[in-house]
Chemist: 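Structure below; questions to follow.
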Amino acid sequence: MAIEEQSKAISVRVKHAHRSKYKNQRKHDLRIGKQPSYVQEHPKQPNRVLLEMPAPAAMNDRAKALRKLTGPTRAMRADAAIATIGIITFGMAAQTIFRDLTADQQDAAYLEIAETIAQECGTVLRGLVVHEDETAPHAHVVWDTRDQDGVPMSRIMKGSRLQDIAAEVIDKHAPGIVRGERKADRKERGDPDSK
């Protein structure tokens with residue numbers, strides 16, 4: 001895929017966050033407290049909370065309840081993941097295509113991507129916030145950190161399939177935005193890890 005085509009890509013990245021990491025990410029996502037200098041004070045469009053992000057205590061309780069389904073013999077570790085957090089982003093050319101959509105159309109795309117990932121991974125979408133006050137439009141997502149049987153998302157939610165889902169869904173909302181090039185293909189070609 002050419003560099004020009006790569007910039008038309010959508011991307012979904014996820015992390016499995018322990019309580020303090022989730023707390024800090026939630027504060028950033030909801031713009032609570034001091035924000036980094038790259039956040040615009042008066043953006044053209046406001047940020048949008050599509051699904052309120054639960055408090056850390058609520059996510060911790062939910063993680064414990066789901067963990068109990070596996071019949072654990074020990075208490076949950078203090079640094080255990082309580083939430084799976086993600087970000088939906090776009091390459092430079094894709095940002096232009098995405099910005100041509102109305103806010104409602106953008107929100108529908110973000111919501112469908114996050115919900116489709118949740119359904120396929122057997123988890124529940126818990127929070128979704130759209131940021132318009134940074135250079136590139138993007139959305140922050142929160143899912144339960146375990147599926148409905150208690151299996152950790154770290155075993156289920158894998159990067160390559162997430163990119164497939166995002167590309168399949170975004171094609172319905174913004175044709176022209178594509179799946180990024182597979183990491184394995186870039187490595188096989190000899191691209192450096194930084195790419």
Side-chain angles (χ1 to χ4, degrees), residues 10-36 38-39 46-90 106-134 136-170 180 183:
I10 187 169
S11 174
V12 177
R13 294 186 310 273
V14 297
K15 295 179 191 171
H16 310 288
H18 56 72
R19 188 174 176 135
S20 64
K21 185 175 194 170
Y22 173 67
K23 178 182 175 184
N24 291 335
Q25 185 65 48
R26 181 178 181 269
K27 287 171 80 173
H28 170 78
D29 296 348
L30 296 176
R31 299 300 192 232
I32 298 169
K34 183 168 173 48
Q35 295 303 309
Y38 58 81
V39 173
N47 290 342
R48 302 181 296 278
V49 177
L50 305 185
L51 186 58
E52 187 66 44
M53 296 193 162
M59 291 304 291
N60 190 61
D61 291 347
R62 179 74 177 152
K64 283 182 178 179
L66 290 170
R67 184 176 178 274
K68 280 185 181 177
L69 298 174
T70 64
T73 57
R74 297 181 183 167
M76 190 165 97
R77 291 173 41 147
D79 64 349
I82 65 163
T84 295
I85 56 176
I87 186 168
I88 302 169
T89 62
F90 302 93
Q106 291 176 6
D107 293 351
Y110 284 131
L111 194 56
E112 187 176 351
I113 292 165
E115 192 61 62
T116 303
I117 289 170
Q119 289 170 3
E120 183 159 316
C121 294
T123 190
V124 177
L125 175 62
R126 295 291 174 191
L128 182 59
V129 176
V130 176
H131 281 179
E132 294 284 351
D133 60 356
E134 296 179 41
H138 61 278
H140 292 277
V141 188
V142 176
W143 296 277
D144 279 340
T145 197
R146 292 176 176 263
D147 74 3
Q148 299 307 301
D149 297 322
V151 178
M153 281 297 108
S154 59
R155 293 188 193 158
I156 299 170
M157 204 176 269
K158 302 294 182 183
S160 185
R161 181 61 191 138
L162 299 180
Q163 308 319 311
D164 294 340
I165 293 168
E168 291 162 11
V169 173
I170 199 65
K183 190 176 191 177

Chemist: Strictly distance-based, threshold 3.5 Å: is any side-chain N or O of Arg19 a donor or acceptor partner for the main-chain N or O of Ala78?
Modeler: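 No, because the side chain of Arg19 does not come within donor-acceptor range (under 3.5 Å) of the backbone of Ala78.
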Chemist: Can you list everything that forms a side chain to side chain contact (heavy atoms under 4.5 Å, CB included) with Asp164? Sequence neighbours excluded, please.
Modeler: Arg161, Glu168, Arg179, Arg182
Chemist: Before giving the answer on side-chain contact (heavy atoms from CB on, under 4.5 Å), spell out for Leu111 and Leu51 the whole-Å C-alpha distance, their side-chain angles and the decisive distance to 0.1 Å.
Modeler: CA-CA 9 Å; Leu111 194 56; Leu51 186 58; 5.5 Å; no
Chemist: For Thr89, enumerate each residue passing the side chain to side chain contact (heavy atoms under 4.5 Å, CB included) test, keeping only those at least two apart in sequence or located in another chain.
Modeler: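 Applying side chain to side chain contact (heavy atoms under 4.5 Å, CB included) to Thr89 gives Ser11, Arg13, Ile87, His138.
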Chemist: Would you name the heavy atoms of Ala114 and Trp143 that are closest together and state the gap between them?
Modeler: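 It is O-NE1, 3.1 Å.
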Chemist: Taking the side chain as C-beta and beyond, is there a heavy-atom pair between Pro137 and Glu132 under 4.5 Å?
Modeler: yes
Chemist: Looking only at heavy atoms, which two atoms of Ala17 and Ile85 are closest? And how far apart?
Modeler: CB-CD1, 4.0 Å
Chemist: Of the non-hydrogen atoms in Val129 and Asp29, which two are nearest, and what is the gap between them?
Modeler: CG1-O, 3.4 Å
Chemist: Just verifying a value: how many Å separate Thr116 OG1 and Ile165 CD1, rounded to the nearest 0.5 Å?
Modeler: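 One finds 7.0 Å between OG1 of Thr116 and CD1 of Ile165.
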Chemist: Taking all non-hydrogen atoms of both residues into account, name the closest pair between Arg67 and Ala75 and its distance.
Modeler: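 It is NH2-O, 3.6 Å.
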Chemist: Salt bridge or not between Arg31 and Glu134? Use side-chain N to carboxylate O under 4.0 Å.
Modeler: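 Salt bridge between Arg31 and Glu134, a charged N being under 4.0 Å from a carboxylate O: yes.
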Chemist: Are Val169 and Ile117 close enough that some pair of their side-chain heavy atoms sits under 4.5 Å apart?
Modeler: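 When only atoms from C-beta onward are counted, Ile117 and Val169 do not touch, as no gap falls below 4.5 Å.
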Chemist: For the atom pair CZ (Arg48) and CG (Asp107), what is the distance rounded to the nearest 0.5 Å?
Modeler: 4.0 Å
Chemist: Would you find a donor on one side and an acceptor on the other, under 3.5 Å apart, between the side chain of Arg126 and the backbone of Met59?
Modeler: no
Chemist: Using side chain to side chain contact (heavy atoms under 4.5 Å, CB included) as the criterion, list what pairs up with Leu69, not counting sequence neighbours.
Modeler: Leu66
Chemist: Looking at Lys158, I want to see if its NZ is surrounded by more than 12 non-hydrogen atoms of other residues, nucleotides or ligands under 6.0 Å.
Modeler: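 Yes, the 6.0 Å shell around NZ holds more than 12 heavy atoms from other groups.
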Chemist: Kindly compute the distance separating NE2 (His28) from CE (Met53), expressed to the nearest 0.5 Å.
Modeler: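 So the NE2 of His28 and the CE of Met53 are separated by 9.5 Å.
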Chemist: Determine whether a donor-acceptor pair (N or O, by modelled atom type, separation under 3.5 Å) exists between the side chain of Gln163 and the backbone of Val12.
Modeler: yes
Chemist: Just verifying a value: how many Å separate Asp133 CG and Tyr38 OH, rounded to the nearest 0.5 Å?
Modeler: 9.5 Å
Chemist: Do Met153 and Asp147 have side-chain heavy atoms sitting under 4.5 Å apart?
Modeler: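 A side-chain contact exists here, since the closest heavy-atom pair is under 4.5 Å.
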Chemist: Look only at the side chain of Thr123 and the backbone of Arg146, and say whether a donor-acceptor pair between them is shorter than 3.5 Å.
Modeler: yes
Chemist: Would you compute the distance between atom CE of Met76 and atom CG of Asn60 and round it to the nearest 0.5 angstrom?
Modeler: 4.5 Å
Chemist: Hey, does the side chain of His131 reach the backbone of Asn47 with a donor-acceptor pair shorter than 3.5 angstrom?
Modeler: no
Chemist: Enter the distance from Ile113:CD1 to Leu162:CG here, rounded to the nearest 0.5 Å.
Modeler: 11.0 Å
Chemist: Looking at every heavy atom in both Lys15 and Lys21, which two are closest together, and how far apart are they?
Modeler: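 In terms of heavy atoms, the two residues are closest at CD-NZ, 3.7 Å.
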Chemist: Ignoring hydrogens, what is the shortest heavy-atom contact between Val124 and Ala118? Give both atom names and the distance.
Modeler: C-CB, 4.3 Å
